[in-house]
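Below is one structure, written out as structure tokens; the observations come after it.
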Amino acid sequence: MTDDTPAEVTLRFEMGCTPADFHRLLPAVASVEYDTDLNQFNHVEDGRRWSLRLINPRERAIAALRLPVVDVALVFQGYAQVDIDSFMQRFF
């Protein structure tokens, strides 16, 4: 970890998908383990780690249309900002 690497960075998003979507798609981004108790995905490599937690899955109604929504908290530990930016490009 260099001096320009923050100890921890947390990013929060509201996303239009279901927890099942994350289970299906997230392995394409990185190798992950899933913690059912925390409803959280974890990835560890080279002394760094990130976790993705799904919070408050729900539906948003627009007239007769129903859209899945979930709050997402991504926590990076030991990653430089450039690595976080690269990850987020793949993620989105």
Side-chain angles (χ1 to χ4, degrees):
M1 194 160 67
T2 64
D3 290 337
D4 62 340
T5 301
E8 185 172 290
V9 173
T10 301
L11 304 174
R12 297 181 188 282
F13 304 97
E14 180 181 82
M15 299 190 74
C17 54
T18 66
D21 292 331
F22 277 95
H23 284 276
R24 184 173 44 83
L25 298 172
L26 196 55
V29 175
S31 172
V32 292
E33 293 182 20
Y34 183 68
D35 183 326
T36 55
D37 293 335
L38 296 175
N39 203 24
Q40 175 175 295
F41 297 90
N42 298 299
H43 176 80
V44 178
E45 70 175 318
D46 301 328
R48 308 179 300 177
R49 88 183 287 272
W50 60 260
S51 62
L52 183 148
R53 187 159 181 238
L54 304 176
I55 306 161
N56 191 25
R58 59 199 179 276
E59 277 190 340
R60 178 166 293 140
I62 304 172
L65 181 63
R66 303 282 187 255
L67 301 171
V69 178
V70 67
D71 296 322
V72 176
L74 266 163
V75 178
F76 295 90
Q77 296 172 325
Y79 284 85
Q81 188 61 50
V82 67
D83 296 325
I84 295 171
D85 293 342
S86 177
F87 174 90
M88 293 310 297
Q89 283 183 329
R90 279 193 333 263
F91 180 78
F92 285 124

Note to self: So Arg12 and Asp71, do their side chains get closer than 4.5 Å, heavy atoms only?
What the structure shows: no
Item checked: Contacts of type side-chain contact (heavy atoms from CB on, under 4.5 Å), residue Leu26, not counting sequence neighbours -> Val29, Val32, Phe41, Trp50, Leu52, Phe91
Notebook entry, point to check: Going by the salt bridge (charged side-chain N to carboxylate O under 4.0 Å, His left out) test, which pairs reach into residues 77-92, not counting sequence neighbours?
Noted result: Arg48-Asp83
Notebook entry, point to check: What's the spacing between Asn42 CG and Tyr34 OH if we round to 0.5 Å?
Noted result: 10.5 Å
Margin query: According to ring-ring contact (aromatic ring centres under 6.0 Å, His included), who are the partners of Phe13, at least two apart in sequence or on a separate chain?
Written below: Phe92
Next item on the list: Starting at CD of Glu8, measure out to OG1 of Thr10 and round the result to the nearest 0.5 Å.
Entry: 4.5 Å
Notebook entry, point to check: Looking at residues at least two apart in the chain, or sitting in another chain, which of them share a side-chain hydrogen bond (donor to acceptor under 3.5 Å, both in side chains) with Gln89?
Noted result: none
Margin query: Do Val75 and Phe87 sit in one hydrophobic cluster, given that two such residues count as connected whenever their side-chain heavy atoms are within less than 4.5 Å of each other, even indirectly?
Written below: no
Notebook entry, point to check: Do you know which two heavy atoms are closest between Arg49 and Val44, and how far apart they sit?
Noted result: CB-CG2, 3.9 Å
Checklist line | Counterpart residues, ring-ring contact (aromatic ring centres under 6.0 Å, His included), relative to Phe22 (two or more places apart) | finding: none
Checklist line | Side-chain cluster (under 4.5 Å, hydrophobic types only) that Leu25 belongs to, other residues | finding: none
Checklist line | Nearest atoms (heavy-atom pairs only) where Thr18 meets Pro68 | finding: CG2-CB, 3.3 Å
Note to self: Show me the pairs that pass salt bridge (charged side-chain N to carboxylate O under 4.0 Å, His left out) and involve residues 21-37, at least two apart or across chains.
What the structure shows: Asp21-Arg24
Item checked: Co-members of the apolar cluster containing Val69 [side chain, <4.5 Å] -> none
Next item on the list: Can you run down the side chain to side chain donor-acceptor pair (under 3.5 Å) pairs that involve residues 59-69, sequence neighbours left out, and say none if there aren't any?
Entry: Glu14-Arg60
Notebook entry, point to check: In Å, rounded to the nearest 0.5 Å, how long is the span from CZ of Arg58 to CG of Leu67?
Noted result: 11.5 Å
Margin query: Using the side-chain contact (heavy atoms from CB on, under 4.5 Å) criterion, which residues pair with Pro19? Sequence neighbours excluded.
Written below: Leu54, Pro57
